[in-house]
Amino acid sequence: MSRTTDRRGGRDGSPRVVVVDDSPFMRGLISDLLSDAGVAVVGEAGDGEEALSVVAEERPDVVTMDVEMPGMGGLEAVERLMEETPTPVLMLSAHTDEGAEVTFEALDRGAVDFFAKPGGEVSTGVSRESERLVEAVRSVADADLDAATRERDDPSSAASERSDAGSDAGAVDVDGPLTVVIAASTGGPNAVERVLSALPMADCRVVIVQHMPEAFTSRFANRLDEASAYDVREASDGARIGAGEALVARGGSHTLIDSYRSGRLRVKLDADDDSHTVTPAADVTMRSAAEVVDDPLVGVVLTGMGSDAAEGIRAMADAGARTLAQSEGTCVIYGMPKRAVETGGVDEVHDLDDVAGAIVGGEA
């Protein structure tokens, strides 16, 4: 196998990619899908050790990294890459609970985002979702790796202090029952974890919409539960939460706030009707919050690609909510916050470490 090969070159401005997978068939398939979309595949590798060499030689804009490989696997390879040749990495993981577990570990070690391989016949599944794969590669190539590294390596980060969850988040008073809706995508798992772990206990209920497949959102909820003082679980149809509780929108469906009475939210899950480019969509949750919640309300847009949450944050602002966005300098991808700010519906912009305090510190 040729370790370095520019199959077709890319269109102007397209990212240069190294594809890492132990399966020659999968390497060829992924490379062909990317090349057909105008993305330049400049190298391939069959294991982590070879990947380190190819990346050092080619200096690509992004690496797609399989998790399970013989010899040096994806986890060790990501960690070594961050030390030796820092490069944005998109993990390719199995669409299973086990895949979710190892993927979150890869994010802790430095990967920017992940692409969940569909179940069933691998070649058919990946080909069917080729547009999503290409979009993920382009997004990760644009990631601010410095911001991602700061978010991951700061000793005050949630990932570093997961075992001490909630120990420093003292209770605070807020002006009435407070409902918070948080939206995030690329770079979001660590950012959301960091915000929630720093969020003081209060008369506050939180709904989190992180773009993530269904097999991953339950594990994400468990991580947040371990990292914060809040009781966090994955959303289910008809679930209710009150003060000190949080829900993570389930992947594969949209989470709507169905009713709000006496400080308690009730949600319902709706199947995707293909009218949104992502599932779950923050726009859906935020619009429903704007329509239903009549107590203090806060909308938050964190790092992520695309425009989801722009319409939702505008709807929340029009309903009288206080609205926040993460600052460009602390975002891994300044896409969603930028689009939200451009609507004119964002009241405040904060660095990531200041978001939790801003949620409870302002007057909603």
Side-chain angles (χ1 to χ4, degrees), residues 61-62 78 82 86-90 104 106-114 136 138-162 168-169 180-200 206 208-212 220 223-224 227-228 246 282 286 298-310 312-313 316-317 322-362:
D61 300 304
V62 61
V78 167
M82 294 305 109
T87 307
V89 174
L90 175 71
F104 282 117
L107 294 175
D108 283 346
R109 296 192 186 196
V112 172
D113 202 359
F114 65 92
R138 292 185 183 278
S139 174
V140 169
D142 289 336
D144 183 342
L145 201 58
D146 290 337
T149 301
R150 287 194 303 271
E151 180 181 295
R152 185 183 74 253
D153 294 342
D154 190 309
S156 65
S157 72
S160 299
E161 297 187 340
R162 193 170 292 117
D168 297 322
V180 182
V181 182
I182 299 175
S185 185
T186 309
N190 287 337
V192 171
E193 189 174 337
R194 191 156 179 166
V195 169
L196 202 63
S197 70
L199 188 66
V206 185
I208 298 154
V209 185
Q210 167 70 51
H211 298 163
M212 193 174 281
F220 184 46
R223 281 172 63 94
L224 295 178
S228 74
M286 287 180 158
V298 177
V300 182
V301 184
L302 300 179
T303 176
M305 66 178 179
S307 61
D308 186 36
I313 208 75
M316 292 183 75
R322 192 160 49 88
T323 53
L324 317 174
Q326 184 179 347
S327 65
E328 180 176 5
T330 63
C331 280
V332 175
I333 296 288
Y334 187 60
M336 286 168 55
K338 179 182 180 181
R339 296 293 185 87
V341 169
E342 288 173 348
T343 69
V346 172
D347 297 322
E348 308 166 22
V349 175
H350 293 280
D351 290 349
L352 180 61
D353 285 339
D354 297 327
V355 170
I359 288 173
V360 296

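In what follows, every heavy atom counts, from backbone to side chain, and hydrogens, waters and symmetry copies are set aside. Computed from a prediction, not measured in an experiment: that's the story for all the values here.
Of all the heavy atoms in Ala356 and Pro200, the pair that sits closest is O-CD, 4.4 Å. Shortest non-hydrogen contact noted between Asp108 and Arg223 is OD1-NH2, 3.1 Å. In terms of heavy atoms, Ala184 sits closest to Val192 at CB-CG2, 3.8 Å. Here the closest heavy-atom approach between residue Thr303 and residue Ala191 is recorded as CG2-CB, 3.9 Å. Nearest heavy-atom pair across Val300 and Val180 is CG2-CG1, 4.1 Å. Smallest separation of non-hydrogen atoms from Ala106 and Val78: O-CG1, 4.1 Å.
Summarising the geometry, atom CG belonging to Leu302 is positioned 12.0 Å from atom NE2 belonging to His350; distances are rounded to the nearest 0.5 Å. For the atom pair CG (Leu196) and CD1 (Ile359), the distance works out to 8.0 Å, reported to the nearest 0.5 Å. Thr323 contributes atom OG1, which lies 3.5 Å from atom CG of Asp347 (distance to the nearest 0.5 angstrom). The CD atom of Gln326 lies 8.0 Å from the CG atom of Asp351; values are rounded to the nearest 0.5 Å. Distance check: Asp353 CG to Thr330 OG1 gives 8.0 Å after rounding to the nearest 0.5 Å. Separation of atoms CE (Met305) and CG (Asp142) is listed at 10.5 Å; rounding is to 0.5 Å.
In terms of the side-chain hydrogen bond (donor to acceptor under 3.5 Å, both in side chains) criterion, residue partners of Ser185 (sequence neighbours excluded) are, by chain and number, His211. The side-chain contact (heavy atoms from CB on, under 4.5 Å) check on Ala141 picks up Pro15, Asp61, Val62, with sequence neighbours excluded. Applying the side-chain hydrogen bond (donor to acceptor under 3.5 Å, both in side chains) test to Ser307 and every residue at least two apart in sequence or in another chain returns nothing.
Side-chain contact between Gln210 and Leu224: absent, with no pair of heavy atoms (C-beta onward) separated by less than 4.5 Å. The closest side-chain heavy-atom distance from Leu352 to Val195 is below 4.5 Å. In this structure, Met82 and Val89 have side chains that are in contact, with non-hydrogen atoms separated by less than 4.5 Å.
Of the residues Glu348, Arg322, Met316, the one that meets the side chain to side chain contact (heavy atoms under 4.5 Å, CB included) test with Val298 is Arg322.
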For residues 332-346, dump all side-chain donor-acceptor pairs below 3.5 Å to protein atoms at least two apart in sequence or in another chain.
from	atom 1	to	atom 2	distance (Å)
Thr343	OG1	Ala340	O	2.6
Thr343	OG1	Gly345	N	3.1

